[in-house]
S.K.: 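Before I ask anything, here is the structure I am working with.
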4 protein chains.
Amino acid sequence: MRAGEKIHKGEKREAILQAALELIAEHGLQHTPMSLISKRSGASAGIIYHYFESKDDLLASLFYRIKGDMNRAIGAADDPQQPLAKRFQSLWLSIFRYCLTHPQEMSFLEQYESAYCMVQGDRTKTFYDMVEDKFHQEMLKGEVAPETQALYNLANDLRREDLLKDLPLEVVNEFTLGVAHRLARQEAAGLLHLDEATLKDIARACWDAIAR
Amino acid sequence: MRAGEKIHKGEKREAILQAALELIAEHGLQHTPMSLISKRSGASAGIIYHYFESKDDLLASLFYRIKGDMNRAIGAADDPQQPLAKRFQSLWLSIFRYCLTHPQEMSFLEQYESAYCMVQGDRTKTFYDMVEDKFHQEMLKGEVAPETQALYNLANDLRREDLLKDLPLEVVNEFTLGVAHRLARQEAAGLLHLDEATLKDIARACWDAIAR
Amino acid sequence: MRAGEKIHKGEKREAILQAALELIAEHGLQHTPMSLISKRSGASAGIIYHYFESKDDLLASLFYRIKGDMNRAIGAADDPQQPLAKRFQSLWLSIFRYCLTHPQEMSFLEQYESAYCMVQGDRTKTFYDMVEDKFHQEMLKGEVAPETQALYNLANDLRREDLLKDLPLEVVNEFTLGVAHRLARQEAAGLLHLDEATLKDIARACWDAIAR
Amino acid sequence: MRAGEKIHKGEKREAILQAALELIAEHGLQHTPMSLISKRSGASAGIIYHYFESKDDLLASLFYRIKGDMNRAIGAADDPQQPLAKRFQSLWLSIFRYCLTHPQEMSFLEQYESAYCMVQGDRTKTFYDMVEDKFHQEMLKGEVAPETQALYNLANDLRREDLLKDLPLEVVNEFTLGVAHRLARQEAAGLLHLDEATLKDIARACWDAIAR
DNA sequence: GATGAATGAGCTTTCATTCAT
DNA sequence: TATGAATGAAAGCTCATTCAT
């Protein structure tokens, strides 16, 4: 009964995270009280605090679960055997598609990141500076956000071949993952429709931006 | 005393908006109660409801005030007499600088837009679809968000000269205003430092992305 | 209308404190939720937080209101013109009577003081060490708890005449105020009945304990 | 294995009581949830309800365990062979020392007794009137609280020799156990330091209060 | 005996909004 | 216009107790 029990445990925790994700995507971070998460997930109000220390902890856990999923999904699409230009296109398209097919996750990420990003003095603090739970601490030990790992690997390969302009890595990131993310959001919102051919054109435009 | 009274009116309303902007940038949308806005602005709790119908109305008013400011600041930098490539560079740099020098406004915009953007069914609804007050209605009559006007004018000029790739306008927007916005954010957060030369390189990379 | 307003304001604050006192004496500190204080006092749940920062602040305010009352009541009974032995008896009886006629206040004081007194390491911390609000800070500026002031004045006069044994002041305090307090509690609880004559005998026994 | 099992049983029950005692002395009665007692004692949340009917029952059991300990400790110090004045001094000092060396027990007793003592109408009800479990019922069958037994034995001996003033027994109790208890508390809190000589002076002052 | 996940009523506190003055 | 005390629903969270295993 061991395995069964563990699955059951994991399922409840997962149900809570899933309920939170759906509700936040539907009603917004501000209009998602714990009571609603409790109702939707089928968990009692109290038990949520058995799995998560606080609402903040729940949200942080959800954040890192999504980041991890995204990282895995995108990383899986990278094939180091392929030629570099082809790899870049595949990666760009896989980012775009992940964003497009995960609107709830994208909605959550955007709300969460912007809610924890504020100005102090003449300084903007990102949520990475502000939230101090174990998850964030662990994450900060790595040098880059996990979902950019595949991209950074590719960027290093490009640089080795001297195919990349001399731009900061963050800028390269904005021209690829950033642009893909934002366009996928607009497509998901119906503000835009991009067919296969256009997508490839855009991927190519990104390439033009960063390639020497 | 008429004129004086009117100035006084405007000042109080402005003080409320300014207090809201500062507090939201400092503490976040979720942690900015009306009571704090009242304290910071020097206006009583009650009188805020004389100037604004509700908190939502106050936030929407602030949103449109900022959008207007931004539009004016960016538009002012566009000189139709200049050659097109030069115009593009100027515009890109002026967008970047506006974002960099207005961290409170950027913080507010990001929080506000993401808080009012949610998923229903398999559809992402932007806050433009959801908020229904007079301001939004007025805005929706125009075809594009005001701050992109100068960029769209330039894009049309570029297209007339056949200098622009055949990409949707929204994509062009992402490669310019979007990229500038996100990089300015990172610079403001101290995650990145971009010197004058690098900025011009990035503006050029944007141009490479969209120019034929 | 000024005076009227002020009285009205004070009345609501006072009503809250009075309701808290009654309920705590009736049901105990642990079984007196803010909701009950709100109901009994006729104040809404929210407005209590206009007058007091928190439940702790409310309790601390009540504590100092009672300490002040007690001090005034007991101090008023001391007549420096009287002979010293007579003054001691009067003071002792007035302490006893105050305790006896204010059972709610006594119940509250006992619960409050013991609830905030705990052991850390091999050290007992009194609530004076633990609570850190403005009231306590103010109180600690004085050298002795206010209700012992009259007693301390008398003790000094006795010492000047060399009528007092060479005992620490705290010990003198226990033999007078302390004993009176505890006996009044037992009388109020019906565990004991002390008539006038016996009371005078006890006051005399206290005198025997401390007088040379 | 019988004996072993019984020892095991007793140990777990004792561990729970000990954990409760420590936590209540450290954090206060109000801030000692069952979950903490469970953690500190190493017993699961559920099993506590095998040993105790409820939290109230656990607290009552702890109360009587402490009262019994105290009684035994103090009674052991009384030697009926000694002269009466000497016996009184020994008893007083042994009370004082027990209180001083058992700060957790004292903290618990004070909190427990005051939390269960409340005012109804113009009447103060002690916790003896209010708690109705078997322990209290048993206790009420005896005429006096157990820890005063040794003192009462001595008081009777004194009265037989006509050495005692004509004061109610409760008053005698206050002048001895009561005063010792309160002074030990203050010493434990560091508000006071009483050396051996002073302690004997105080024991003598108590004697002066009650002796004819 | 023993576990610890689960319950759900109840807690303190917050806050957008109203309204008598 | 302007005030700020007052409202009360709703928020996040706690905790004594139960019960399937």
Side-chain angles (χ1 to χ4, degrees), chain A residues 1-2 4-5 8-9 11-13 30-39 42-59, chain B residues 5 8-9 12-13 30-39 42-59, chain C residues 1-2 4-5 8-9 11-13 30-39 42-59, chain D residues 5 8-9 12-13 30-39 42-59:
Chain A
M1 300 273 169
R2 259 271 163 88
E5 264 178 347
H8 197 264
K9 276 183 191 175
E11 272 172 5
K12 190 142 224 163
R13 200 188 126 100
Q30 321 199 41
H31 300 110
T32 303
M34 293 299 263
S35 56
L36 231 58
I37 296 176
S38 153
K39 229 163 275 171
S44 75
I47 200 61
I48 296 181
Y49 293 87
H50 183 75
Y51 292 105
F52 305 97
E53 282 178 19
S54 62
K55 191 181 188 183
D56 269 8
D57 184 38
L58 192 165
L59 296 180
Chain B
E5 267 177 345
H8 197 263
K9 275 184 194 176
K12 189 149 231 163
R13 199 187 128 98
Q30 326 195 36
H31 299 114
T32 302
M34 293 296 264
S35 57
L36 231 59
I37 297 176
S38 154
K39 232 163 268 170
S44 76
I47 202 64
I48 295 180
Y49 289 84
H50 177 75
Y51 291 107
F52 304 97
E53 281 175 23
S54 65
K55 193 183 188 185
D56 269 6
D57 182 38
L58 192 166
L59 296 180
Chain C
M1 299 273 170
R2 261 266 163 91
E5 265 178 346
H8 198 264
K9 277 183 191 175
E11 272 172 6
K12 190 141 224 163
R13 199 188 128 97
Q30 321 199 42
H31 300 110
T32 302
M34 293 299 262
S35 58
L36 232 58
I37 297 176
S38 153
K39 230 164 272 171
S44 75
I47 200 61
I48 297 181
Y49 292 84
H50 183 75
Y51 292 106
F52 305 97
E53 281 177 20
S54 62
K55 192 181 188 184
D56 268 7
D57 183 40
L58 192 165
L59 296 179
Chain D
E5 267 177 345
H8 197 263
K9 275 185 193 178
K12 189 149 230 164
R13 198 188 129 98
Q30 325 195 35
H31 300 113
T32 302
M34 293 296 263
S35 57
L36 231 59
I37 296 175
S38 153
K39 233 164 269 169
S44 75
I47 201 64
I48 296 181
Y49 289 84
H50 178 76
Y51 292 107
F52 305 98
E53 282 176 20
S54 64
K55 192 183 189 185
D56 270 6
D57 182 38
L58 192 166
L59 295 179

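Each chain gets a letter, A, B and so on, in the order its sequence line appears, and its residues count up from 1.
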S.K.: On DNA chain F, check which nucleotide each of Gly46(D) and Thr32(D) is closest to and give me the residue with the more 5' one.
M.R.: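 By nearest-heavy-atom nucleotide position, the 5'-most residue is Thr32(D).
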
S.K.: Looking at dT13(E), dG12(F), dT17(E), which one has an atom nearest to any side-chain atom of Met34(B)?
M.R.: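 It is dT17(E).
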
S.K.: Send over the distance from Asp56(A) CG to dC13(F) P, rounded to a whole Å.
M.R.: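 It works out to 7 Å between those atoms.
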
S.K.: Taking only side-chain nitrogens and oxygens of Tyr49(D), does any of them come within less than 4.0 Å of OP1 or OP2 of dC19(F)?
M.R.: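 Answer is no, no contact under 4.0 Å.
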
S.K.: Name the residue closer to the 5' end of DNA chain E, choosing between Ser35(B) and Ala45(C) according to the nucleotide with the nearest heavy atom.
M.R.: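 So the residue in question is Ala45(C).
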
S.K.: If I take atom CZ from residue Phe52(D) and atom CD1 from residue Ile47(D), how far apart are they, to the nearest 0.5 angstrom?
M.R.: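 The distance works out to 11.0 Å.
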
S.K.: Rounded to whole Å, please give me the gap between NE2 in His31(D) and C1' in dC13(F).
M.R.: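 It works out to 14 Å between those atoms.
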
S.K.: Any side-chain N or O of Lys39(D) less than 4.0 Å from the OP1 or OP2 oxygen of dC15(F)?
M.R.: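 Looking at the OP1 and OP2 atoms of dC15(F), neither is under 4.0 Å from any side-chain N or O of Lys39(D).
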
S.K.: Using both distances under 3.5 Å as the test, list the Watson-Crick or G-U wobble partner of dA6(F), or none.
M.R.: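 Pair assignment: dA6(F) / dT17(E).
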
S.K.: Please report, rounded to the nearest Å, how far the C1' atom of dA2(E) is from the NZ atom of Lys12(D).
M.R.: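 Whole-Å distance recorded here is 7 Å.
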
S.K.: Starting at CG of Asp57(C), measure out to OH of Tyr49(C) and round the result to the nearest 0.5 Å.
M.R.: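 It is 10.5 Å, given to the nearest 0.5 Å.
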
S.K.: Please give, in whole Å, the distance from dC15(F) P to Ile37(D) CD1?
M.R.: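 Computing the Ile37(D):CD1 to dC15(F):P distance gives 11 Å.
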
S.K.: In whole angstrom, what separates Arg13(A)'s CZ from dA6(E)'s P?
M.R.: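 Going from CZ in Arg13(A) over to P in dA6(E) covers 13 Å.
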
S.K.: To the nearest angstrom, how far is Leu58(D) atom CG from dT17(F) atom P?
M.R.: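 One finds 10 Å between P of dT17(F) and CG of Leu58(D), rounded.
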
S.K.: What is the distance, rounded to the nearest whole Å, between atom OH of Tyr51(A) and atom P of dG4(E)?
M.R.: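 Distance check: Tyr51(A) OH to dG4(E) P gives 13 Å.
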
S.K.: Which heavy atom in Ala45(A) sits nearest to a heavy atom in Ser38(A), and how many Å separate them?
M.R.: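 Shortest heavy-atom contact: N-OG, 3.5 Å.
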
S.K.: To check you understand the geometry: which heavy-atom pair defines the closest contact between Arg13(A) and Tyr51(A), and what is its length?
M.R.: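 The answer is NH1-O, 3.6 Å.
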
S.K.: Nearest whole Å is fine: how far is dC15(F) C1' from Ile48(D) CD1?
M.R.: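 It works out to 12 Å between those atoms.
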
S.K.: For Lys55(A) and for Ser44(B), locate the closest nucleotide of DNA chain F by heavy-atom distance; then report the residue assigned to the nucleotide nearer the 5' terminus.
M.R.: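 First, find each residue's nearest nucleotide; the 5'-ward one identifies Ser44(B).
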
S.K.: Would you indicate which nucleotide in dG1(E), dA11(F), dT13(E) comes nearest to any side-chain atom of Ile47(D)?
M.R.: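 For Ile47(D), the side-chain atoms sit closest to dG1(E).
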
S.K.: Hey, does Ser54(C) reach any base, or is it just sugar-phosphate, or nothing, if we go heavy atoms under 4.0 Å?
M.R.: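 Sugar-phosphate contact only.
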
S.K.: Looking only at non-hydrogen atoms, find the nearest pair between Gln30(A) and Gln30(B) and report the distance.
M.R.: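 Shortest heavy-atom contact: OE1-CA, 4.4 Å.
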
